[in-house]
Amino acid sequence: MAAKEAYLIPIAGRGLWERYPLTKMETVIGRKPSVDLLLRDGRVSRRHCKILLSEKGPQIHDLGSTNGTFVNEAPVEKRYLQDGDLIRLGETVIKFRYVDKLEAEREEELYRRATRDGLTGLHNRRYFLEVLEDELSRSRRHNLVASLLLIDVDHFKAINDKYGHSTGDLVLKEMASILGRSVRREDTLARYGGEEFILLAPQTETEGARILGDRLRGLVEKHPFVREEEFSVTISVGIATFPRHAQGAEELIESADRALYRAKARGRNLVCSIDDRT
């Protein structure tokens with residue numbers, strides 16, 4: 001008989017994460033970047049609850065959360081979890097399950113295919129747009145800011161024409177690695193399409209986003225890309241900030257796109273905000 005392991009499985013809520021195996025003796029869940037399981041739900045407290053493993057089974061503890069921890073719609077302060085229990089934190093619903101390890105791996109692969117870009121391994125456009133809507137809703141509710149960075153590889157067509165599409169794919173993979181290593185855990189990075197990447201930086205003003213964008217630009221510029229020969233690659237970055245430049249997700253992306261166009265019109269390898277004068 002195959003061994004079964006304890007998992008938390010996302011059921012409802014925006015920007016859902018992959019199923020989470022309960023392997024640590026203590027798993028803290030909340031919105032604070034340092035917790036074990038980070039939820040992007042504005043109604044979830046920074047340290048909302050924790051799950052402790054014991055000989056009697058997993059036990060969930062509320063950590064004085066603002067909106068409470070619910071198991072099967074009953075408010076709880078402390079309770080042992082049973083297979084199939086539904087945990088609700090804010091607007092996020094999680095199922096506790098004991099799952100066959102091989103079955104879990106198959107389902108995780110299906111989830112990755114639905115939410116991740118096949119080439120770079122970053123989140124895909126659909127996942128990003130869900131997270132963006134949720135983050136703007138939270139920012140609106142709590143009077144917070146959020147910045148969006150639209151990143152484009154300069155002269156990407158010329159790279160494909162000179163070195164071939166396999167090298168172009170290599171550039172995108174390495175670009176994803178460079179960017180992914182350089183953002184915060186609470187940030188969301190995705191491949192937006194083609195040679196474009198998109199980054200959401202919560203609680204970040206325009207100037208902070210500009211500093212971040214220029215740091216990413218510098219890291220890419222200094223990175224040696226190697227195929228048959230070494231060559232350099234640069235990026236251009238457009239920045240827009242909520243609610244300063246836009247009131248909704250679509251408008252925020254459009255504003256960042258206009259700023260990106262401005263960076264390219266000025267010669268590329270630049271970071272521009274929608275505030276920058278032409």
Side-chain angles (χ1 to χ4, degrees), residues 14-15 33 40 42 117 120 122-158 171-172 175-176 178-223 233-278:
R14 290 185 179 273
R40 301 179 183 279
D117 173 61
T120 64
L122 296 179
H123 291 300
N124 60 23
R125 180 177 182 142
R126 185 181 74 173
Y127 178 94
F128 181 87
L129 293 177
E130 287 186 1
V131 171
L132 178 60
E133 289 284 0
D134 189 58
E135 184 60 40
L136 294 190
S137 175
R138 185 175 76 89
S139 296
R140 195 177 290 113
R141 186 182 302 122
H142 298 285
N143 196 28
L144 301 172
V145 301
S147 285
L148 187 142
L149 292 78
L150 196 57
I151 302 163
D152 190 80
V153 181
D154 295 328
H155 302 297
F156 188 69
K157 184 178 182 301
V171 167
L172 294 177
M175 190 73 63
I178 295 167
L179 300 177
R181 292 194 304 265
S182 308
V183 299
R184 303 171 301 179
R185 188 183 179 199
E186 61 265 39
D187 296 338
T188 302
L189 174 67
R191 185 182 179 193
Y192 195 60
E195 65 270 24
E196 281 191 333
F197 299 86
I198 195 165
L199 174 62
L200 175 63
Q203 299 184 50
T204 303
E205 294 279 4
T206 304
E207 286 310 307
R210 190 191 300 275
I211 292 170
L212 171 60
D214 199 56
R215 180 164 61 84
L216 297 176
R217 184 202 61 76
L219 289 171
V220 172
E221 184 180 30
K222 294 174 183 177
H223 181 80
V233 177
T234 62
I235 57 174
S236 297
V237 183
I239 295 169
T241 302
F242 170 89
R244 180 175 177 179
H245 303 131
Q247 297 301 309
E250 184 176 349
E251 186 184 2
L252 189 66
I253 293 172
E254 289 174 352
S255 295
D257 191 49
R258 291 199 302 274
L260 175 62
Y261 180 83
R262 188 168 297 168
K264 287 186 169 293
R266 290 183 176 183
R268 295 180 170 83
N269 194 23
L270 289 173
V271 177
C272 283
S273 162
I274 192 64
D275 289 330
D276 295 343
R277 297 180 180 179
T278 56

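For the side-chain contact (heavy atoms from CB on, under 4.5 Å) test, residues two or more places apart in sequence or in another chain that qualify with Ala256 are Leu148, Leu150, Ala240. Remark: Lys264 pairs with Asp152, Asp154 by the salt bridge (Lys or Arg N to Asp or Glu O under 4.0 Å) rule, at least two apart or across chains. Looking at residues two or more places apart in sequence or on another chain, you find no side chain to side chain donor-acceptor pair (under 3.5 Å) involving Arg140.
Heavy-atom minimum distance, Thr204 versus Ala209: CG2-N, 3.5 Å. Between Val271 and Ile239, the shortest heavy-atom contact is CG1-CD1, 3.5 Å. The nearest pair of heavy atoms linking Ala259 to Ile274 is CB-N, 3.6 Å. Shortest non-hydrogen contact noted between Gln247 and Phe242 is O-CE1, 3.5 Å. Here the shortest heavy-atom pairing between Ala146 and Leu200 reads CB-CD1, 4.3 Å.
Between atom NE2 of residue His245 and atom OG of residue Ser147 there is a gap of 8.0 Å, rounded to the nearest 0.5 Å. Here the CG-CG distance, from Leu199 to Leu189, works out to 5.5 Å after rounding to the nearest 0.5 Å. From Ser137, atom OG reaches atom CG of Leu132 across 11.0 Å, with rounding to the nearest 0.5 Å. Note: Phe128 CZ to Ile198 CD1 = 4.0 Å, rounded to the nearest 0.5 Å. To the nearest 0.5 Å, the span separating CD on Glu135 from CD on Gln203 amounts to 7.5 Å. The CG atom of Leu172 sits 4.0 Å away from atom CZ of Phe156, with the distance rounded to the nearest 0.5 Å.
Within a 6.0 Å sphere centred on OH of Tyr261, other residues, nucleotides and ligands contribute 12 heavy atoms or fewer.
Counting only distance, with no hydrogens or angles, the side chain of Glu130 and the backbone of Arg126 share no donor-acceptor pair below 3.5 Å. Looking at Ser236, its side chain does come within 3.5 Å of a backbone N or O of Asn269 through a donor-acceptor pair. In this structure a side-chain-to-backbone donor-acceptor pair under 3.5 Å is missing from His223 to Leu219. Proximity of a side-chain donor or acceptor of Ser255 to a complementary backbone N or O of Ile253 within less than 3.5 Å is not detected.
Contact of the Ile151 side chain with the Met175 side chain is not registered, since no non-hydrogen atoms from C-beta on lie closer than 4.5 Å. With contacts defined as side-chain heavy-atom distances shorter than 4.5 Å, the pair Val153/Phe197 qualifies. Two residues are said to be in side-chain contact when any heavy atoms from C-beta on lie closer than 4.5 Å; Val237 and Cys272 fail this criterion.
Among pairs with a residue in residues 183-193, those fulfilling salt bridge (charged side-chain N to carboxylate O under 4.0 Å, His left out) read Asp117-Arg191, Arg184-Glu186, Arg184-Asp187, at least two apart in sequence or across chains. Among residue pairs with one or both ends in residues 199-216, those qualifying as salt bridge (charged side-chain N to carboxylate O under 4.0 Å, His left out) are Glu207-Arg210, Arg210-Asp276, Asp214-Arg217; sequence neighbours excluded. Residue pairs satisfying the salt bridge (charged side-chain N to carboxylate O under 4.0 Å, His left out) criterion with at least one member in residues 238-257, sequence neighbours excluded, are listed as follows: Arg244-Asp275.
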